Amino acid sequence: MAVVETRKLTKVFKEGELGAVNEVDLETREGEFLVFLGPSGSGKTTLLRMIAGLETPTAGEILIGGKVVNDLTPRERRIAMVFQSYALYPHLTVYNNIAFPLKAQKVPRHTHKEKVEWAASLLGIGGLLQRKPRELSGGERQRVALARAIVREPSVFLLDEPLSNLDAKLRLSAREELERFHRRVGTTTIYVTHDQVEAMAMGDRVMVLNKGVVRQIGTPKEVYDDPADTFVATFLGSPPMNLIENDGIIVGFRPEHFRLAEDIRESAKVIFKFRVENVEYLGAEFILSGVLVGGKADGKKVIARLLLGHDFEIGTTHDFAVGQHQLKFFDRSTEKKIPPRSLTWQ
Amino acid sequence: MAVAAAKLKSVGAARSPLLGFAMFTPAVLYILLLIGAPFCLAIFYAFSDARIGAPIDWAHFWRHFVGLENFRSILQSPSFRSALKNSIIFTVAAQIIVMVCANILSIALEKPFRGRGLVRFLILLPWVAPVSLGTIGWKWILDSIYSVITWVLVWLGFVNKFSPPMWLGQEGLAITSVILVHCWRLIPFSTVILLAGRSAIPKEIPEAAAIDGAGFWRTTFQINLPIMTPILGVAVLFGTIFTFTDLAVVNLLTNGGPYDSTQTLPNLAFTQGIQGSDLAAGAAISVFLVPVLVAIAYLMLRVAHRAEVV
């Protein structure tokens with residue numbers, strides 16, 4: 001087990017252009033499940049590939065277990081990686097796929113069978129060993145890829161969107177399985193995804209990236225409840241955080257905190273008149289979108305997320321409110337978080 | 001609506017038998033007249049006593065049948081045996097060299113570098129040039145007096161100026177020369193096929209191999225090449241057929257000499273059948289190739305198909 005660290009890690013693909021990854025500093029913790037979260041093109045996969053040794057950094061250092069590994073080949077870094085496409089060897093059986101890293105790293109031959117069977121049973125694919133990858137379902141392929149990754153007991157696991165090729169139902173069970181698997185083996189894991197639900201559910205910590213820059217790194221609760229800037233605030237959460245400008249400051253609040261004024265018990269709250277323009281019924285909840293009426297925020301579009309219990313007609317106006325401590329404040333020019341302050345709204 | 005109408009129309013067209021006939025008749029005519037007819041004629045000649053200048057009496061064509069006589073006679077001829085042996089040696093040796101070189105080239109040309117387009121173009125040139133022109137160029141390069149290779153070797157001091165190697169006049173050298181010219185001609189073709197096959201491998205697969213700890217050789221021989229088996233099969237199949245049936249290279253370079261040491265079946269068929277007027281013998285030699293080539297094609301396609309299913 002080892003800690004992965006990067007220092008001012010940068011990757012520029014085309015000279016003169018903005019880097020795909022810019023001066024990323026990060027340090028994993030022992031046995032941690034760290035998630036790189038970002039939209040496509042945010043540099044999360046490039047960052048992972050640099051850690052794996054598949055991409056050469058333009059600048060900066062990568063350390064694994066306290067040792068600079070910039071000049072080491074992937075095999076010398078003792079990492080394992082699961083690719084988005086799984087990258088199983090199509091001409092080899094499942095057994096030989098899992099045994100390949102052992103052969104390649106010259107692990108004594110007589111131990112192969114035992115190790116392959118151990119990895120296969122850990123992932124419940126013991127019955128598939130003689131099959132070829134083309135004869136497997138998506139979920140089975142993913143497990144073979146994982147088994148191939150753990151068989152040589154790596155110091156770090158790198159997972160590149162391993163669930164994105166599975167259908168929604170399978171994805172949920174595969175996610176749980178991955179979490180259980182991580183708890184069992186306890187290997188430091190870096191997981192790349194663009195899916196915030198996966199990130200929140202699985203990560204011990206989440207690192208949010210955009211345009212090659214780290215926006216925030218923290219526990220799922222920290223990045224959700226206390227976003228460092230407006231990008232993190234709107235990227236996490238579905239629907240995203242409402243952002244309203246007032247007195248040169250951007251104020252944000254989550255749709256689930258924007259509720260009927262009478263339902264909010266706190267005394268310190270900001271009350272808005274909210275005209276409903278659209279209602280989406282999602283079974284367990286409503287998503288209301290509409291505009292604020294009157295005051296400084298007149299005409300601003302906002303979204304509310306409410307549990308069932310009320311009926312809302314399109315076109316009606318209601319008294320809605322947000323608890324004062326649920327308001328987040330961001331600087332208008334830097335878009336970074338700033339300390340709370342009191343603003344007038346009328 | 002427009003799409004639906006067009007669809008209806010095309011269904012109508014497909015059901016109209018006339019249009020269907022019109023569409024495939026040119027292809028069928030081409031195959032029947034230019035491939036089928038000569039092939040059947042060759043089979044007939046191979047079992048007949050046809051000679052140039054002694055026309056077949058088509059009204060009583062059965063009188064010309066001589067059974068397996070032509071085959072008996074060519075099998076007894078030392079020229080034929082040497083031609084058969086050489087055809088096989090040239091084909092096998094050229095395929096081995098071509099596969100090694102084309103693989104190396106395809107690996108070298110896979111990653112982008114400055115001037116890759118130009119290098120690819122230059123490598124493809126021998127394939128674009130007509131065989132006969134290329135071979136005439138080689139004839140000059142390998143000429144007994146004007147050979148540039150000899151000049152260079154003399155200049156480097158490897159060869160005595162007064163007894164230069166006869167590239168096309170000494171048995172061993174002539175065989176080597178013919179093989180190398182075949183390779184020169186086939187390498188571009190195979191390289192292009194292998195480049196296509198290589199670029200069809202998802203790039204994560206060699207990357208996964210690198211992470212799994214495989215070096216260059218293991219990745220090449222245990223991952224990339226096995227995945228490319230079908231495409232290698234296609235390249236070898238085409239290369240084999242091109243070399244085995246080629247007339248131009250041997251005919252222009254050595255015409256089978258010295259002493260039949262570079263004689264091949266196509267050249268022997270041409271020399272005996274057309275130049276030597278013995279149509280029947282020429283046809284028998286040509287037809288002799290057919291089962292061999294069919295067997296090779298069948299085998300190769302099976303290998304390719306099996307690998308494809310994987």
Side-chain angles (χ1 to χ4, degrees), chain A residues 13 45 48-55 72-93 96-107 131-135 141 144-162 165, chain B residues 99 103 106-108 110-117 193-237 299-310:
Chain A
F13 281 108
T45 296
L48 190 79
R49 288 169 59 85
M50 283 196 280
I51 294 170
L54 295 173
E55 212 80 65
L72 298 187
T73 58
R75 70 195 280 185
E76 292 161 332
R77 298 187 187 195
R78 293 205 52 234
I79 41 117
M81 182 160 168
V82 174
F83 290 80
Q84 186 172 1
S85 60
Y86 310 138
L88 299 179
Y89 309 125
H91 59 296
L92 299 179
T93 59
N96 285 324
N97 261 282
I98 301 174
F100 186 81
L102 301 175
K103 284 181 197 156
Q105 301 191 340
K106 310 221 162 55
V107 174
R131 302 244 191 114
K132 290 270 178 75
R134 71 183 153 90
E135 299 166 322
R141 284 177 202 189
V144 174
L146 272 173
R148 187 176 69 183
I150 59 162
V151 72
R152 66 206 125 131
E153 298 163 61
S155 53
V156 179
F157 264 131
L158 306 177
L159 307 176
D160 185 8
E161 309 217 17
N165 283 343
Chain B
M99 276 303 119
N103 265 301
S106 73
I107 291 171
E110 194 192 9
K111 293 219 175 80
F113 58 87
R114 247 198 139 119
R116 181 174 68 159
I193 291 191
L194 294 191
L195 264 175
R198 199 168 283 281
S199 58
I201 301 176
K203 86 175 172 14
E204 291 88 25
I205 287 185
E207 283 178 355
I211 290 201
D212 284 344
F216 171 79
W217 298 108
R218 191 182 291 271
T219 308
T220 300
F221 285 101
Q222 293 187 8
I223 302 293
N224 286 343
L225 284 181
I227 294 177
M228 286 166 66
T229 311
I231 210 89
L232 288 172
V234 170
V236 170
L237 172 63
L299 263 177
M300 291 290 176
L301 288 176
R302 245 180 59 154
V303 168
H305 179 70
R306 190 179 293 172
E308 207 170 354
V309 175
V310 167

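Just the heavy atoms: all of them, side chains too, but no hydrogens, waters or symmetry mates, feed the values below. Worth saying up front: this structure is predicted, and the values here are computed from it rather than measured. Throughout, protein chains are lettered first and strands after them, A, B, ... in sequence-line order, and every chain is numbered starting at 1.
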* Pair A/Arg152 + B/Asp212: basic N to acidic O under 4.0 Å -> yes
* If you tally heavy-atom pairs under 4.5 Å against chain B, which of A/Pro74, A/Ser85, A/Pro101 wins? -> A/Pro101
* Can you find a pair of side-chain heavy atoms, one from A/Ile51 and one from A/Leu158, that are under 4.5 Å apart? -> yes
* Between B/Ser106 and B/Arg198, a side-chain donor and acceptor under 3.5 Å -> yes
* **Over-ring placement of A/Arg148 relative to A/Tyr86, 6.0 Å and 45° cut-offs** => no
* Asked: Tell me, side chain or backbone of A/Arg49 under 4.5 Å from chain B's heavy atoms, or both, or neither?
  -> side chain
* Proximity breakdown for A/Ile79 and chain B, heavy-atom pairs closer than 4.5 Å -> both
* To do: Let me know if A/Leu88 has heavy atoms under 4.5 Å from chain B in its side chain, its backbone, both or neither.
  => backbone
* To do: Against chain B, label A/Lys106 side chain, backbone, both or neither, depending on which of its atoms sit under 4.5 Å from a heavy atom there.
  => side chain
* With a 4.5 Å heavy-atom cut-off, do A/His91 and B/Ile223 have their side chains touching? -> yes
